[in-house]
Amino acid sequence: MDEISALMAMRSNHVVQVYDLLFDNDTPTGIIEEFISGMDLLESSEPQASIENYLRTLWQLAAGLSDIHAHGIIHRDIKPNNMKLDDEGVLKIFDFGLSRFADPDAGTVGFKGTFYFAAPELFVDGKVSFTQAVDVYAFGATACYLADKSLPSGFSKSPPDPAPADAFSSKQIGIPDELSSLFLECLAHDPVQRPSMAFVRDSIAKYLLKDKHQALAVFGNAPQYLNKSNKSVTLNLGNIGAAVIAYDGLRFYVQSVSGEVLINNSVVAANDEMPGSCVVALGAATRHYTERAFITFDISHPEVLL
């Protein structure tokens, strides 16, 4: 009842909505949920149609899991047949029959889960303790399956074998190298080594939004835009300080720097990523203000649209 109450209080675009409970003489007898038509992702071939479809599906799954975890819940049975794409193409996670609250006492007796998708720490005799990291592992296994509907044979073992190093990089769908490495981290046998779902969500979003970001740098009264058409801007104050800020389609970063250059009063180095909103100062704070220049730098943050 506590878990159902928590789900009823949670609202996420990517989690099936629980509307109400049915009772018979104070005994709960049924759950009224949002209806999602169509095939689950074990049957659907939609994610394999293109790399964009694949990443869009995984971004939605990561977003839903991030919402679930933010509400203190462990789903504990993430797998392709526990999620569907609705008629508008929005992914919905369902089946919370094994869910638990994420607290220090989260555990069960004996194995509960689904082979191929269950984390290795769930395969122990006696009392089994677990954290939200089991959902991260299941996300990694699901990401592997959704690329081409196959999984390493070693995942069927109890506990599963470690994922091969090329589990994602060898997929023909063409997963970007950075994401291949990140998805492989999700399958780490040590739960502490797995990333958070919020980090995974945001990392996938960068690729879905490639070349769609824009930044505005204002130097004096001269505004300059950085975007896919204009990928760098040079900030220069004589022999005092200079920096080139560039956009690679995924991020804005310091491409090169020389002399006295600070961002939000901190010294910068080449390859430092630009904050979302900041002030670039050319000239150290020890100089008179007439010997310094200040540039405001603001990044727009587009959202993934389904």
Nearest 0.5 angstrom please: [X] [atom1] to [Y] [atom2], how far?
X      : Y      : atom1 : atom2 : value
Leu61  : Ile78  : CG    : CD1   : 6.0 Å
Asp211 : Leu250 : CG    : CG    : 8.0 Å
Ile295 : Ile263 : CD1   : CD1   : 9.5 Å
Leu91  : Trp59  : CG    : CH2   : 10.5 Å
Leu226 : Ile245 : CG    : CD1   : 8.0 Å
Phe94  : Asp40  : CZ    : CG    : 6.0 Å

Which pairs, with at least one residue in residues 205-238 and sequence neighbours excluded, count as a ring-ring contact (aromatic ring centres under 6.0 Å, His included)? His213-Tyr247

Test your reading of the model: is there a side-chain donor-acceptor pair from [X] to the backbone of [Y], 3.5 Å cut-off?
X      : Y      : answer
Arg56  : Leu305 : yes
Asp166 : Ser169 : no
Ser266 : Leu262 : no
Thr114 : Phe117 : no
Lys212 : Glu303 : no
Asn236 : Ala242 : no
Arg292 : Ala284 : yes
Ser180 : Pro176 : yes
Ser300 : Gln214 : yes
His288 : Thr290 : yes

Can [Y] be reached from [X] by stepping across I, L, V, M, F, W or Y side chains whose heavy atoms are under 4.5 Å apart?
X      : Y      : value
Leu182 : Leu209 : yes
Leu187 : Phe115 : yes
Leu179 : Leu151 : yes
Val136 : Leu41  : yes
Val233 : Val244 : no

I'd like to know whether Leu146 forms a side-chain contact (heavy atoms from CB on, under 4.5 Å) with Gln48, so could you lay out the CA-CA distance, the side-chain angles of the two residues, the decisive distance to 0.1 Å, and finally the verdict. CA-CA 7 Å; Leu146 291 181; Gln48 296 88 42; 4.2 Å; yes

Heavy-atom closest contact ([X] atom, [Y] atom, distance):
X      : Y      : result
Cys186 : Val200 : SG-CG2, 4.0 Å
Tyr137 : Ala188 : CD1-O, 4.2 Å
Leu216 : Pro223 : CD1-CB, 3.7 Å
Pro160 : Ala118 : CG-O, 3.9 Å
Val261 : Ala243 : CG1-CB, 4.1 Å
Leu282 : Leu237 : O-CD2, 3.6 Å

Report the C-alpha distance between Asn82 and His75 in whole Å, list the side-chain angles of each, state the deciding distance to 0.1 Å, and finish with yes or no for side-chain contact (heavy atoms from CB on, under 4.5 Å). CA-CA 10 Å; Asn82 275 349; His75 185 283; 4.2 Å; yes

I would like to know whether Phe123 and Glu121 meet side-chain contact (heavy atoms from CB on, under 4.5 Å); could you show each step before the answer? CA-CA 5 Å; Phe123 291 86; Glu121 62 267 29; over 6 Å; no

Given the rule in the side-chain contact (heavy atoms from CB on, under 4.5 Å) test, do Val90 and Lys92 qualify, once you have shown the distances and angles that lead to the verdict? CA-CA 6 Å; Val90 177; Lys92 301 281 188 174; 4.2 Å; yes

Under the rule for side chain to side chain donor-acceptor pair (under 3.5 Å), what residues qualify as partners of Ser150, not counting sequence neighbours? Asp148, Lys171

Taking the side chain as every heavy atom from C-beta outward, state whether [X] and [Y] have any pair of such atoms under 4.5 Å apart.
X      : Y      : result
Leu22  : Ile31  : no
His69  : Asp135 : yes
Ile32  : Leu21  : no
Gln132 : Leu65  : no

Taking 4.0 angstrom as the limit, do [X] and [Y] come out as a salt bridge?
X      : Y      : value
Arg287 : Glu260 : yes
Asp77  : Lys79  : yes
Arg251 : Asp272 : no
Lys210 : Glu178 : no

Can [X] and [Y] be counted as having a side-chain donor-acceptor contact under 3.5 angstrom?
X      : Y      : answer
Asp86  : Ser37  : no
His14  : Asp67  : no
Ser277 : Asp298 : yes

Tell me whether the count of non-hydrogen atoms from other residues, nucleotides or ligands lying under 6.0 Å of CG in Asp190 goes above 12. yes

Look at atom OH of Tyr19 and say whether more than 12 heavy atoms of other residues, nucleotides or ligands are closer to it than 6.0 Å. yes

Partner of Gln17 by side chain to side chain donor-acceptor pair (under 3.5 Å), out of Glu34, Glu33, Arg11: Arg11

Ring centre gap for Phe155 and Tyr116 strictly below 6.0 Å: no

Kindly determine whether Lys206 and Glu273 satisfy salt bridge (Lys or Arg N to Asp or Glu O under 4.0 Å), including the steps that lead there. CA-CA 14 Å; Lys206 284 199 309 184; Glu273 191 161 346; 5.3 Å; no

